Amino acid sequence: MKKWLSFLLVLVLTIGLAACGSKGAGNEGGAATTAGEAAAAVGKSVDYEIIGIDPGAGIMKATEKVIEEYGLADWTLVEGSGAAMTAALKKAYDKEKPIIITGWTPHWMFAKFDLKYLEDPKGVYGTEENIHTITRSGLAEEHPNAVKVLDQFHWTEDDMSAVMVMIEEGTKEEEAAAKWVEENAEKIAEWTAGAEKVDGDKITLAYVAWASEIASTNVLAKVLTDLGYDVTMTQLEAGPLWAGIADGSADASVVAWLPVTHADYADKFEGKFEDLGSNMEGTRIGLVVPSYMDINSIEDLK
Ligand code: PBE
């Protein structure tokens, strides 16, 4: 009788352990499925779309690389423009709906919405970088006063954000720039130190219709205009902008994000432009989502 009991006990224990074992294994599988399911849920909730901007932007190339390196083959990077991207963000945000965008700092969207960058453990977007001022070759000899200002132009993320927010809130671009220039006489004095007034010399500033670059270019245009220049702001896609500086059809630009975002362009046109150094430090690009979304890393998308 006792023998039978212990046999039964062993049997029960064995079955029990076996069950636990398989349950354990099942759990591991379950956990993986859960992470996969969570990613699938995020993917489905946004139609597996990342809302991008204009195809020439460095952030678009970087995001293609992210899609490749994180194995996000199911995902599509949607082309559009900076304005279309922020419109989509606004629409989603108002309804607390999920959305994933290509974002960057400085940008007014961080002042208006509660947002977060998705972690990028593989470092595809690079770390912090700088915005450089570039000119065509020979500009310094022909327009030394303009180049003096361009070279001394340097400001901070807060400065640029102030202009961007004014524009976003409805102030016309030139007016926002003029207002900022008026309120920051000390900085303008530093940028223009040693530069002499000119009498209607023509200069073109090339830029791309990104909120950050609309702000900086308008400010520079205002400062150069006050110095006596006849400034034309030429709006281009990023590729033609770099090509224009390289072939001399555009004089200068304050929109070169280096060393990562515009690396392809800087390499392609190496030796065909002058780099006057950075006009702002500590910029950033990446995938950005509203803080109410329950994901933290690009890895959560797979
Ligand atoms: N941006 C803003 C640009 C540089 C400035 C991040 C959209 C780009 O991706 O090329």
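For ligands, and for the atoms within them, numbers begin at 1 and follow the listed sequence. Bear in mind the structure is a predicted one, so any value in this text is a computation, not a measurement.
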Seminar exercise, completed: The atoms of ligand 1 lying under 4.0 Å from a heavy atom of H262, numbered in the order shown, are 4 (C), 8 (C), 10 (O)
Problem set entry | Interfacing atoms of ligand 1 (cut-off 4.0 Å, heavy-atom, I285) | 6 (C)
For this session: Might you point out which heavy atoms bring F113 and K90 nearest each other, and give the distance in Å?
Result: CZ-CG, 3.5 Å
Exercise. Is the NZ or CZ atom of K202 both under 6.0 Å from the centre of the six-membered ring of Y229 and within 45° of that ring's axis?
Worked result: no
For this session: Considering only NZ, NE, NH1 and NH2 on the basic side and carboxylate oxygens on the acidic side, decide whether E175 and K179 come within less than 4.0 Å.
Result: no
For this session: Heavy-atom contacts with E213 under 4.0 Å: which atoms of ligand 1 show up? List them by number with element.
Result: 2 (C), 5 (C)
Exercise. Going by an N to O cut-off under 4.0 Å, is there a salt bridge joining R136 and E142?
Worked result: yes
Exercise. Can the positive tip of R284 be found less than 6.0 Å from the middle of the six-membered ring of Y117, inside 45° of the ring normal?
Worked result: yes
For this session: Give the numbers and elements of all ligand 1 atoms closer than 4.0 Å to a heavy atom of I53.
Result: 7 (C)
Exercise. Looking only at N/O atoms, are I59 and ligand 1 under 3.5 Å apart anywhere?
Worked result: yes
Exercise. With atoms numbered from 1 as shown, which atoms in ligand 1 lie under 4.0 angstrom from a non-hydrogen atom of T261?
Worked result: 8 (C), 9 (O), 10 (O)
Exercise. For ligand 1, which atoms, with element, lie under 4.0 Å from some heavy atom of G58?
Worked result: 8 (C), 9 (O), 10 (O)
Problem set entry | Parallel, tilted or perpendicular, as decided by the 30° and 60° cut-offs, for the rings of W242 and F269 | parallel
Exercise. Are any of the N or O atoms of W257 closer than 3.5 Å to those of ligand 1?
Worked result: no
